[in-house]
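Written out below as C-alpha coordinates is the structure these notes cover.
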Number of protein chains: 2
Amino acid sequence: MTTKTETRATEVPADTAGTIAVPRLDQQLCFALYSASGLMTKLYRPLLDPLGLTYPQYLAMLALWQHAPSTVGELGEALGLDSATLTPLLKRLEVGGLVTRRRDPADERRVLVEPTAKGQALRARIKDVSAGLACAMPLEVEELRSLHRTLTGFVAKLRDAASAS
Amino acid sequence: MTTKTETRATEVPADTAGTIAVPRLDQQLCFALYSASGLMTKLYRPLLDPLGLTYPQYLAMLALWQHAPSTVGELGEALGLDSATLTPLLKRLEVGGLVTRRRDPADERRVLVEPTAKGQALRARIKDVSAGLACAMPLEVEELRSLHRTLTGFVAKLRDAASAS
DNA sequence: TCCAATTAATTTGCGTACGATTATTTAGTA
DNA sequence: TACTAAATAATCGTACGCAAATTAATTGGA
(Lines give C-alpha, C1' and ligand atoms only; values in the text may rest on other atoms or scores of the structure.)
Protein backbone atom coordinates (compact mmCIF):
# COMPACT_ATOMS: atom_id res chain seq x y z
CA MET A 1 0.00 0.00 0.00
CA THR A 2 1.82 3.08 -1.16
CA THR A 3 0.65 6.42 -0.01
CA LYS A 4 1.01 7.48 -3.59
CA THR A 5 -2.13 8.02 -5.60
CA GLU A 6 -2.99 4.71 -7.19
CA THR A 7 -5.47 6.25 -9.57
CA ARG A 8 -4.50 4.84 -12.92
CA ALA A 9 -7.10 3.60 -15.32
CA THR A 10 -10.28 5.50 -16.06
CA GLU A 11 -9.82 7.76 -13.13
CA VAL A 12 -13.15 8.66 -11.66
CA PRO A 13 -12.57 11.41 -9.15
CA ALA A 14 -14.99 11.72 -6.33
CA ASP A 15 -16.77 15.04 -6.44
CA THR A 16 -15.02 17.00 -9.13
CA ALA A 17 -16.05 18.42 -12.46
CA GLY A 18 -14.90 15.34 -14.36
CA THR A 19 -17.29 13.05 -12.57
CA ILE A 20 -19.89 11.26 -14.61
CA ALA A 21 -23.24 12.62 -13.60
CA VAL A 22 -25.42 10.03 -11.96
CA PRO A 23 -29.02 10.58 -11.01
CA ARG A 24 -29.51 11.20 -7.33
CA LEU A 25 -31.56 8.66 -5.46
CA ASP A 26 -34.04 11.26 -4.27
CA GLN A 27 -34.60 12.51 -7.81
CA GLN A 28 -35.75 9.14 -9.08
CA LEU A 29 -39.48 8.61 -9.39
CA CYS A 30 -38.93 4.88 -9.23
CA PHE A 31 -37.31 5.23 -5.82
CA ALA A 32 -40.13 7.40 -4.53
CA LEU A 33 -42.58 4.70 -5.56
CA TYR A 34 -40.38 1.97 -4.11
CA SER A 35 -40.14 3.81 -0.79
CA ALA A 36 -43.80 4.71 -0.62
CA SER A 37 -44.86 1.14 -1.33
CA GLY A 38 -42.49 -0.27 1.27
CA LEU A 39 -43.59 2.24 3.91
CA MET A 40 -47.21 1.47 3.15
CA THR A 41 -46.57 -2.20 3.78
CA LYS A 42 -44.96 -1.32 7.11
CA LEU A 43 -48.00 0.76 7.98
CA TYR A 44 -50.36 -2.15 7.30
CA ARG A 45 -48.34 -4.83 9.04
CA PRO A 46 -49.36 -4.14 12.66
CA LEU A 47 -53.00 -3.96 11.56
CA LEU A 48 -52.89 -7.19 9.57
CA ASP A 49 -50.82 -9.20 12.03
CA PRO A 50 -53.77 -9.76 14.39
CA LEU A 51 -55.74 -11.13 11.41
CA GLY A 52 -52.96 -13.54 10.56
CA LEU A 53 -52.52 -11.98 7.11
CA THR A 54 -49.50 -10.66 5.30
CA TYR A 55 -49.92 -7.65 3.07
CA PRO A 56 -50.01 -9.56 -0.26
CA GLN A 57 -52.38 -12.08 1.32
CA TYR A 58 -54.62 -9.16 2.31
CA LEU A 59 -54.67 -7.93 -1.28
CA ALA A 60 -55.52 -11.43 -2.48
CA MET A 61 -58.42 -11.65 -0.02
CA LEU A 62 -59.68 -8.22 -1.17
CA ALA A 63 -59.70 -9.53 -4.73
CA LEU A 64 -61.50 -12.73 -3.69
CA TRP A 65 -64.12 -10.93 -1.63
CA GLN A 66 -64.81 -8.85 -4.70
CA HIS A 67 -65.05 -11.78 -7.11
CA ALA A 68 -65.16 -15.47 -6.31
CA PRO A 69 -64.57 -18.10 -7.31
CA SER A 70 -61.58 -16.87 -9.28
CA THR A 71 -58.97 -18.85 -11.15
CA VAL A 72 -55.31 -18.40 -10.33
CA GLY A 73 -54.91 -16.64 -13.64
CA GLU A 74 -57.71 -14.16 -12.90
CA LEU A 75 -56.20 -13.37 -9.52
CA GLY A 76 -52.82 -12.91 -11.15
CA GLU A 77 -54.34 -10.50 -13.64
CA ALA A 78 -56.09 -8.53 -10.89
CA LEU A 79 -53.05 -8.34 -8.63
CA GLY A 80 -50.34 -8.16 -11.25
CA LEU A 81 -48.73 -11.31 -9.89
CA ASP A 82 -47.36 -14.48 -11.43
CA SER A 83 -48.71 -17.98 -10.75
CA ALA A 84 -45.29 -18.78 -9.32
CA THR A 85 -46.03 -16.21 -6.62
CA LEU A 86 -49.71 -16.91 -6.16
CA THR A 87 -49.64 -20.70 -5.93
CA PRO A 88 -47.66 -20.85 -2.66
CA LEU A 89 -49.46 -17.77 -1.29
CA LEU A 90 -52.86 -19.36 -1.92
CA LYS A 91 -51.69 -22.66 -0.44
CA ARG A 92 -50.83 -20.81 2.77
CA LEU A 93 -54.26 -19.17 2.80
CA GLU A 94 -55.72 -22.65 2.29
CA VAL A 95 -53.71 -24.08 5.19
CA GLY A 96 -54.97 -21.17 7.27
CA GLY A 97 -58.52 -22.17 6.39
CA LEU A 98 -59.37 -18.92 4.61
CA VAL A 99 -59.83 -20.23 1.07
CA THR A 100 -60.50 -23.44 -0.80
CA ARG A 101 -58.69 -24.52 -3.97
CA ARG A 102 -60.20 -27.02 -6.39
CA ARG A 103 -59.86 -27.95 -10.03
CA ASP A 104 -62.61 -26.63 -12.26
CA PRO A 105 -64.63 -29.72 -13.29
CA ALA A 106 -65.42 -28.03 -16.61
CA ASP A 107 -61.75 -27.42 -17.36
CA GLU A 108 -59.28 -29.40 -15.35
CA ARG A 109 -56.47 -26.99 -16.16
CA ARG A 110 -58.02 -24.26 -14.06
CA VAL A 111 -57.94 -23.99 -10.29
CA LEU A 112 -60.85 -22.25 -8.63
CA VAL A 113 -60.13 -20.29 -5.47
CA GLU A 114 -62.89 -19.24 -3.10
CA PRO A 115 -63.11 -17.86 0.45
CA THR A 116 -64.35 -20.26 3.10
CA ALA A 117 -66.87 -19.24 5.75
CA LYS A 118 -63.90 -18.33 7.92
CA GLY A 119 -62.50 -16.28 5.05
CA GLN A 120 -65.81 -14.49 4.64
CA ALA A 121 -65.97 -13.84 8.36
CA LEU A 122 -62.71 -11.90 8.10
CA ARG A 123 -64.53 -9.27 6.05
CA ALA A 124 -66.12 -7.96 9.21
CA ARG A 125 -62.75 -7.24 10.75
CA ILE A 126 -61.34 -5.51 7.69
CA LYS A 127 -63.13 -2.31 8.54
CA ASP A 128 -60.80 -1.96 11.50
CA VAL A 129 -57.86 -2.17 9.15
CA SER A 130 -59.19 0.60 6.95
CA ALA A 131 -60.14 2.72 9.93
CA GLY A 132 -56.81 2.20 11.67
CA LEU A 133 -54.98 3.02 8.52
CA ALA A 134 -56.95 6.17 7.87
CA CYS A 135 -55.86 7.37 11.31
CA ALA A 136 -52.21 6.63 10.59
CA MET A 137 -52.32 8.23 7.17
CA PRO A 138 -50.51 11.55 7.28
CA LEU A 139 -52.25 13.30 4.37
CA GLU A 140 -55.38 15.28 3.72
CA VAL A 141 -58.29 13.40 2.17
CA GLU A 142 -58.19 15.56 -0.93
CA GLU A 143 -54.45 15.00 -1.38
CA LEU A 144 -54.90 11.26 -1.04
CA ARG A 145 -57.65 11.26 -3.59
CA SER A 146 -55.57 13.27 -6.01
CA LEU A 147 -52.53 11.07 -5.54
CA HIS A 148 -54.63 7.98 -6.03
CA ARG A 149 -56.15 9.34 -9.22
CA THR A 150 -52.76 10.21 -10.66
CA LEU A 151 -51.29 6.83 -9.76
CA THR A 152 -54.22 4.92 -11.21
CA GLY A 153 -53.71 6.59 -14.56
CA PHE A 154 -49.99 6.01 -14.32
CA VAL A 155 -50.45 2.32 -13.56
CA ALA A 156 -52.83 1.92 -16.51
CA LYS A 157 -50.23 3.39 -18.85
CA LEU A 158 -47.44 1.32 -17.34
CA ARG A 159 -49.48 -1.82 -17.89
CA ASP A 160 -49.94 -0.90 -21.53
CA ALA A 161 -46.23 -0.25 -21.85
CA ALA A 162 -45.39 -3.54 -20.14
CA SER A 163 -47.74 -5.57 -22.31
CA ALA A 164 -46.18 -4.06 -25.43
CA SER A 165 -42.91 -5.88 -24.83
CA MET B 1 -80.38 -1.97 -6.56
CA THR B 2 -79.96 -0.11 -3.30
CA THR B 3 -79.40 3.38 -4.60
CA LYS B 4 -78.87 4.50 -1.03
CA THR B 5 -77.36 7.75 0.05
CA GLU B 6 -73.85 7.63 -1.28
CA THR B 7 -72.20 10.85 -0.24
CA ARG B 8 -69.01 9.28 1.01
CA ALA B 9 -66.63 8.28 -1.69
CA THR B 10 -64.84 5.80 0.54
CA GLU B 11 -68.00 3.94 1.33
CA VAL B 12 -68.79 0.99 -0.89
CA PRO B 13 -72.36 -0.23 -0.90
CA ALA B 14 -72.83 -3.90 -0.30
CA ASP B 15 -73.64 -5.71 -3.50
CA THR B 16 -75.97 -7.97 -1.60
CA ALA B 17 -78.23 -7.33 1.31
CA GLY B 18 -76.46 -8.38 4.48
CA THR B 19 -73.04 -8.52 2.89
CA ILE B 20 -70.35 -6.57 4.63
CA ALA B 21 -68.96 -3.84 2.44
CA VAL B 22 -65.31 -4.25 1.64
CA PRO B 23 -63.06 -1.71 -0.06
CA ARG B 24 -62.49 -2.46 -3.71
CA LEU B 25 -58.96 -3.23 -4.75
CA ASP B 26 -58.86 -0.43 -7.29
CA GLN B 27 -59.95 2.11 -4.69
CA GLN B 28 -57.02 1.40 -2.41
CA LEU B 29 -54.12 3.83 -2.56
CA CYS B 30 -51.84 1.16 -1.15
CA PHE B 31 -52.62 -1.12 -4.08
CA ALA B 32 -51.97 1.64 -6.60
CA LEU B 33 -48.55 2.17 -5.02
CA TYR B 34 -47.91 -1.56 -4.89
CA SER B 35 -48.79 -1.95 -8.56
CA ALA B 36 -46.87 1.10 -9.71
CA SER B 37 -43.76 0.01 -7.85
CA GLY B 38 -43.93 -3.51 -9.24
CA LEU B 39 -44.49 -2.31 -12.79
CA MET B 40 -41.59 0.10 -12.43
CA THR B 41 -39.34 -2.77 -11.44
CA LYS B 42 -40.48 -4.69 -14.51
CA LEU B 43 -39.70 -1.65 -16.66
CA TYR B 44 -36.15 -1.45 -15.30
CA ARG B 45 -35.35 -5.14 -15.51
CA PRO B 46 -34.49 -5.40 -19.21
CA LEU B 47 -32.29 -2.31 -18.89
CA LEU B 48 -30.45 -3.54 -15.81
CA ASP B 49 -30.04 -7.15 -16.89
CA PRO B 50 -27.19 -6.32 -19.30
CA LEU B 51 -25.41 -4.60 -16.41
CA GLY B 52 -25.78 -7.65 -14.21
CA LEU B 53 -27.79 -5.67 -11.64
CA THR B 54 -31.11 -6.32 -10.00
CA TYR B 55 -33.33 -3.36 -9.24
CA PRO B 56 -32.50 -3.14 -5.51
CA GLN B 57 -28.82 -3.58 -6.38
CA TYR B 58 -29.16 -0.66 -8.78
CA LEU B 59 -30.60 1.50 -6.01
CA ALA B 60 -27.76 0.49 -3.72
CA MET B 61 -25.19 1.44 -6.34
CA LEU B 62 -26.92 4.80 -6.85
CA ALA B 63 -26.60 5.42 -3.13
CA LEU B 64 -22.94 4.39 -3.13
CA TRP B 65 -22.03 6.50 -6.15
CA GLN B 66 -23.53 9.40 -4.29
CA HIS B 67 -21.73 8.76 -1.02
CA ALA B 68 -18.91 6.33 -0.31
CA PRO B 69 -17.66 4.75 1.72
CA SER B 70 -20.91 4.15 3.54
CA THR B 71 -21.66 1.86 6.43
CA VAL B 72 -24.34 -0.78 6.11
CA GLY B 73 -26.44 1.26 8.49
CA GLU B 74 -26.12 4.43 6.42
CA LEU B 75 -27.14 2.56 3.29
CA GLY B 76 -30.09 1.11 5.14
CA GLU B 77 -31.15 4.57 6.20
CA ALA B 78 -30.84 5.91 2.65
CA LEU B 79 -32.70 3.03 1.04
CA GLY B 80 -35.16 2.28 3.81
CA LEU B 81 -33.87 -1.27 4.08
CA ASP B 82 -32.89 -3.50 6.94
CA SER B 83 -29.32 -4.68 7.45
CA ALA B 84 -30.69 -8.21 7.18
CA THR B 85 -31.64 -7.37 3.60
CA LEU B 86 -28.53 -5.39 2.75
CA THR B 87 -25.88 -7.78 4.03
CA PRO B 88 -26.59 -10.54 1.48
CA LEU B 89 -27.27 -8.00 -1.28
CA LEU B 90 -23.92 -6.32 -0.67
CA LYS B 91 -22.18 -9.68 -0.55
CA ARG B 92 -23.53 -10.42 -4.00
CA LEU B 93 -22.28 -7.07 -5.27
CA GLU B 94 -18.92 -7.92 -3.71
CA VAL B 95 -18.83 -11.32 -5.42
CA GLY B 96 -19.62 -9.51 -8.66
CA GLY B 97 -16.63 -7.27 -8.07
CA LEU B 98 -18.63 -4.05 -7.87
CA VAL B 99 -18.01 -3.11 -4.23
CA THR B 100 -15.60 -3.82 -1.40
CA ARG B 101 -16.62 -4.52 2.19
CA ARG B 102 -14.25 -3.99 5.08
CA ARG B 103 -14.49 -3.40 8.79
CA ASP B 104 -13.94 0.19 9.86
CA PRO B 105 -10.54 0.22 11.67
CA ALA B 106 -11.81 3.03 13.92
CA ASP B 107 -14.85 1.01 14.97
CA GLU B 108 -14.74 -2.67 14.23
CA ARG B 109 -18.51 -2.97 14.54
CA ARG B 110 -19.05 -1.00 11.34
CA VAL B 111 -18.60 -2.32 7.82
CA LEU B 112 -17.55 0.17 5.15
CA VAL B 113 -18.87 -0.41 1.67
CA GLU B 114 -17.31 1.25 -1.36
CA PRO B 115 -17.52 0.84 -5.14
CA THR B 116 -14.52 -0.76 -6.82
CA ALA B 117 -13.03 0.59 -10.05
CA LYS B 118 -15.34 -1.80 -11.85
CA GLY B 119 -18.24 -0.46 -9.81
CA GLN B 120 -17.29 3.11 -10.71
CA ALA B 121 -16.99 2.16 -14.35
CA LEU B 122 -20.65 1.14 -14.32
CA ARG B 123 -21.58 4.78 -13.79
CA ALA B 124 -20.88 5.47 -17.43
CA ARG B 125 -23.41 2.90 -18.54
CA ILE B 126 -26.14 4.12 -16.23
CA LYS B 127 -26.97 6.94 -18.56
CA ASP B 128 -28.33 4.35 -20.96
CA VAL B 129 -30.63 3.09 -18.25
CA SER B 130 -32.04 6.53 -17.58
CA ALA B 131 -32.37 7.28 -21.28
CA GLY B 132 -33.98 3.94 -22.08
CA LEU B 133 -36.38 4.40 -19.23
CA ALA B 134 -37.35 7.90 -20.24
CA CYS B 135 -38.36 6.46 -23.62
CA ALA B 136 -40.46 3.74 -22.05
CA MET B 137 -42.12 6.14 -19.62
CA PRO B 138 -45.68 6.76 -20.68
CA LEU B 139 -46.22 10.14 -19.02
CA GLU B 140 -45.57 13.78 -19.77
CA VAL B 141 -42.53 15.34 -18.13
CA GLU B 142 -44.65 17.77 -16.17
CA GLU B 143 -46.91 15.00 -14.89
CA LEU B 144 -43.91 12.96 -13.81
CA ARG B 145 -42.46 15.92 -11.98
CA SER B 146 -45.74 16.59 -10.24
CA LEU B 147 -46.21 12.95 -9.26
CA HIS B 148 -42.65 12.80 -7.97
CA ARG B 149 -43.13 15.94 -5.90
CA THR B 150 -46.33 14.62 -4.36
CA LEU B 151 -44.80 11.24 -3.60
CA THR B 152 -41.70 12.75 -2.03
CA GLY B 153 -43.80 14.69 0.42
CA PHE B 154 -45.92 11.63 1.08
CA VAL B 155 -42.86 9.48 1.76
CA ALA B 156 -41.46 12.06 4.16
CA LYS B 157 -44.69 12.05 6.17
CA LEU B 158 -44.90 8.26 6.10
CA ARG B 159 -41.37 8.05 7.47
CA ASP B 160 -42.34 10.36 10.31
CA ALA B 161 -45.41 8.25 10.99
CA ALA B 162 -43.37 5.05 10.90
CA SER B 163 -40.71 6.37 13.25
CA ALA B 164 -43.38 7.39 15.73
CA SER B 165 -44.31 3.77 16.42
C1' DT C 1 -11.10 -2.44 36.63
C1' DC C 2 -14.96 -4.65 35.54
C1' DC C 3 -19.19 -5.39 33.59
C1' DA C 4 -23.90 -4.22 32.09
C1' DA C 5 -26.08 -1.65 28.46
C1' DT C 6 -25.72 -0.17 23.75
C1' DT C 7 -24.64 -0.40 18.98
C1' DA C 8 -23.65 -2.71 14.45
C1' DA C 9 -23.73 -6.32 11.52
C1' DT C 10 -24.73 -11.15 10.63
C1' DT C 11 -27.54 -15.30 10.76
C1' DT C 12 -31.92 -17.80 10.69
C1' DG C 13 -36.61 -18.63 9.29
C1' DC C 14 -40.48 -17.42 6.67
C1' DG C 15 -42.93 -15.20 2.93
C1' DT C 16 -43.02 -12.88 -1.28
C1' DA C 17 -41.52 -12.09 -6.38
C1' DC C 18 -40.12 -13.52 -10.95
C1' DG C 19 -37.81 -16.03 -15.08
C1' DA C 20 -37.59 -20.44 -17.00
C1' DT C 21 -39.16 -24.98 -17.26
C1' DT C 22 -42.45 -28.80 -16.87
C1' DA C 23 -46.84 -31.43 -16.72
C1' DT C 24 -51.54 -31.69 -17.75
C1' DT C 25 -55.47 -30.54 -20.23
C1' DT C 26 -57.91 -28.61 -23.97
C1' DA C 27 -58.70 -27.08 -28.71
C1' DG C 28 -57.72 -27.24 -33.44
C1' DT C 29 -56.77 -29.71 -37.63
C1' DA C 30 -55.53 -32.88 -41.07
C1' DT D 1 -58.48 -40.86 -34.91
C1' DA D 2 -54.16 -39.01 -34.12
C1' DC D 3 -51.22 -35.25 -33.92
C1' DT D 4 -50.06 -30.64 -32.78
C1' DA D 5 -50.43 -26.14 -30.70
C1' DA D 6 -52.15 -23.36 -27.08
C1' DA D 7 -53.56 -22.63 -22.40
C1' DT D 8 -53.03 -23.19 -17.38
C1' DA D 9 -50.83 -24.23 -12.96
C1' DA D 10 -47.22 -25.95 -10.62
C1' DT D 11 -42.21 -26.39 -9.83
C1' DC D 12 -37.34 -24.88 -9.50
C1' DG D 13 -33.67 -21.60 -8.66
C1' DT D 14 -32.35 -17.07 -7.28
C1' DA D 15 -33.05 -12.74 -4.95
C1' DC D 16 -35.38 -9.49 -1.99
C1' DG D 17 -37.54 -8.11 2.68
C1' DC D 18 -38.26 -8.31 7.55
C1' DA D 19 -38.67 -10.12 12.60
C1' DA D 20 -36.12 -12.27 15.96
C1' DA D 21 -32.04 -14.24 17.76
C1' DT D 22 -26.97 -14.11 17.71
C1' DT D 23 -22.28 -12.43 17.71
C1' DA D 24 -18.90 -8.98 18.25
C1' DA D 25 -17.24 -4.36 19.53
C1' DT D 26 -17.82 -0.13 22.02
C1' DT D 27 -19.42 2.79 25.68
C1' DG D 28 -20.61 4.19 30.24
C1' DG D 29 -20.65 3.86 34.57
C1' DA D 30 -19.95 1.85 39.77
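Everything numeric in this text was worked out from a predicted model, so none of it was measured.
- Taking 4.0 angstrom as the limit, B/Q57 places none of its side-chain polar atoms (N or O) nearer than this to OP1 or OP2 of D/dA15.
- Distance, B/L79 CG to C/dA9 P: 14 Å, rounded to whole Å.
- Between B/R92 and D/dC16 there is a side-chain polar atom (N or O) within less than 4.0 angstrom of OP1 or OP2.
- The CG-C1' distance, from B/L53 to D/dT14, rounds to 15 Å in whole Å.
- Across residues 22-31 of chain A, not one residue has a non-hydrogen atom less than 4.0 Å from an atom of DNA chain C.
- Listed pair B/K91 / C/dT11 meets the phosphate criterion, a side-chain N or O lying under 4.0 Å from OP1 or OP2.
- Take A/E77 and apply the side-chain contact (heavy atoms from CB on, under 4.5 Å) test, not counting sequence neighbours, and it matches A/R159.
- In this structure the side chain of B/L112 reaches within 4.5 angstrom of the side chain of B/T71, judged on heavy atoms.
- Toward the 5′ end of DNA chain D lies the nearest nucleotide of A/L86, the other residue of the pair A/L86 and B/Y55 mapping further downstream.
- Annotation: side-chain contact (heavy atoms from CB on, under 4.5 Å) contacts of A/D26 (sequence neighbours excluded): A/R24.
- Residues forming a side-chain hydrogen bond (donor to acceptor under 3.5 Å, both in side chains) with A/E108 (at least two apart in sequence, or on another chain): none.
- Note: CG (B/L90) to P (D/dC16) measures 10 Å, nearest angstrom.
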Under 4.0 Å protein heavy-atom contacts per nucleotide of nucleotides 17-27 of chain C, with B for base, S for backbone only and - for none: BBB-----BS-

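- The phosphate of C/dT10 has OP1 or OP2 within less than 4.0 Å of a side-chain N or O from B/R101.
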Working for salt bridge (charged side-chain N to carboxylate O under 4.0 Å, His left out), residues A/K91 and A/E94: CA-CA 5 Å; A/K91 281 184 177 175; A/E94 189 182 33; over 6 Å; no

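- Taking side-chain N and O atoms only, B/T87 has a distance below 4.0 Å to OP1 or OP2 of C/dT10.
- The nearest whole Å value for the distance from the CG atom in A/L59 to the P atom in C/dG15 is 17 Å.
- Here B/D128 pairs with nothing under the side-chain hydrogen bond (donor to acceptor under 3.5 Å, both in side chains) rule; sequence neighbours left out.
- When heavy atoms are screened at a 4.0 angstrom cut-off, A/T71 is found touching the sugar-phosphate backbone but no base atom.
- Annotation: the span from A/L53 atom CG to A/L47 atom CG amounts to 11.5 Å, rounded to 0.5 Å.
- Between the P atom of D/dA10 and the CG atom of A/L75 lies a distance of 11 Å, rounded to the nearest Å.
- Put simply, CZ on B/R103 is 13 Å from C1' on D/dT26, counting in whole angstrom units.
- A distance of 6.5 Å separates CE in A/M137 from CG in A/L43, rounded to the nearest 0.5 Å.
- Here D/dC18 presents its P atom at 15 Å from CG of A/L48, a figure rounded to the nearest Å.
- Among all heavy-atom pairs drawn from B/P23 and A/I126, the shortest one is CD-CG2, 4.3 Å.
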